[in-house]
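All values below were derived from every heavy atom in this structure, side-chain atoms included, with hydrogens, water molecules and symmetry-related copies excluded.
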Amino acid sequence: MTEEERTSRGRFSEGGEDTNREERHTKTLAIRIEESLHAQLRFIAQLRNTSITDEIRQAIESRIASAQNDPEIIARANEAREELEREAAARTAAIAGFLGRAGTDQIDKPATSPSTKTQRASHEPANE
């Protein structure tokens, strides 16, 4: 078993208890990289006394943190959220039309954020 395989598996105590709870919800990701890049990454991991898996995880976390501060990515994320909200509203309207207005009471009951309630109120006819 390689170092990466050992690190990517959960750590267990002698009683079989999972001692690294965050690894229970992990996904396996296989990537293909050039041999020279792998050698450099392996060397960095050795110098830092970490695993290649840890180095890759840190690089991904850094990339995500950088993206969360990128105005262009933030704008695209907002556009995606708005599109999802439009699609959800259209589907809710379709379900309401299918079930009839009385059948939509169950749809409106889940807790929604104040902004969603405000948006919904602004789209509904005033005299219903």
Side-chain angles (χ1 to χ4, degrees):
M1 182 180 300
T2 67
E3 180 183 355
E4 289 85 18
E5 290 171 330
R6 282 192 302 275
T7 345
S8 65
R9 295 176 188 235
R11 291 165 182 84
F12 296 91
S13 68
E14 289 181 23
E17 178 182 322
D18 186 352
T19 57
N20 191 351
R21 296 184 191 278
E22 58 185 69
E23 285 195 1
R24 281 194 276 168
H25 301 290
T26 61
K27 298 286 184 181
T28 300
L29 177 66
I31 62 169
R32 296 187 184 280
I33 60 173
E34 297 294 324
E35 194 172 321
S36 62
L37 185 59
H38 182 269
Q40 291 176 36
L41 184 58
R42 184 177 58 234
F43 183 63
I44 291 169
Q46 288 172 345
L47 292 174
R48 290 185 174 161
N49 199 27
T50 64
S51 68
I52 291 175
T53 300
D54 288 337
E55 292 299 322
I56 292 170
R57 186 178 298 116
Q58 289 174 10
I60 291 170
E61 289 171 353
S62 175
R63 179 71 172 139
I64 290 171
S66 173
Q68 289 173 329
N69 293 316
D70 183 330
E72 185 177 334
I73 297 292
I74 292 168
R76 288 182 181 182
N78 280 324
E79 289 171 8
R81 181 184 45 83
E82 290 168 1
E83 180 62 25
L84 285 172
E85 289 174 354
R86 283 190 294 275
E87 289 173 7
R91 292 186 76 182
T92 300
I95 293 169
F98 177 76
L99 296 175
R101 195 65 186 151
T104 60
D105 292 342
Q106 294 296 325
I107 295 172
D108 291 338
K109 286 193 180 187
T112 57
S113 68
S115 64
T116 305
K117 287 180 183 177
T118 304
Q119 289 172 355
R120 188 183 321 134
S122 67
H123 294 296
E124 291 179 356
N127 295 339
E128 253 195 310

Note: R76-E72 ion pair, threshold 4.0 Å (strictly below):
yes
Quick check: do E83 and E79 have side-chain heavy atoms less than 4.5 Å from each other?
no
What's the spacing between D54 CG and N49 CG if we round to 0.5 Å?
10.5 Å
Going only through I, L, V, M, F, W and Y residues with side-chain contacts under 4.5 Å, is there a path from I33 to L29?
yes
Check the surroundings of atom CD in E87: do more than 12 heavy atoms from other residues, nucleotides or ligands lie under 6.0 Å from it?
yes
Given the rule that I, L, V, M, F, W and Y join up when any side-chain heavy atoms are under 4.5 Å apart, are I31 and I44 in one cluster?
no
From L84 CG over to R91 CZ, what is the distance, rounded to the nearest 0.5 angstrom?
11.0 Å
To the nearest 0.5 Å, what is the distance between OG1 on T26 and CZ on R57?
8.0 Å
Give the cluster check for L37 versus I52: same hydrophobic cluster or not, with ILVMFWY residues linked at side-chain heavy-atom distances below 4.5 Å.
yes
Without swapping roles, check the side chain of N69 against the backbone of A65 for a donor-acceptor pair under 3.5 Å.
yes
Got a sec: does the CZ of R86 have more than 12 other heavy atoms crowding it under 6.0 Å?
yes
With clusters defined by side-chain heavy atoms of hydrophobic residues (ILVMFWY) lying less than 4.5 Å apart, directly or transitively, does I60 cluster with L41?
yes
S66 (side chain) donor-acceptor with S62 (main chain) under 3.5 angstrom:
no
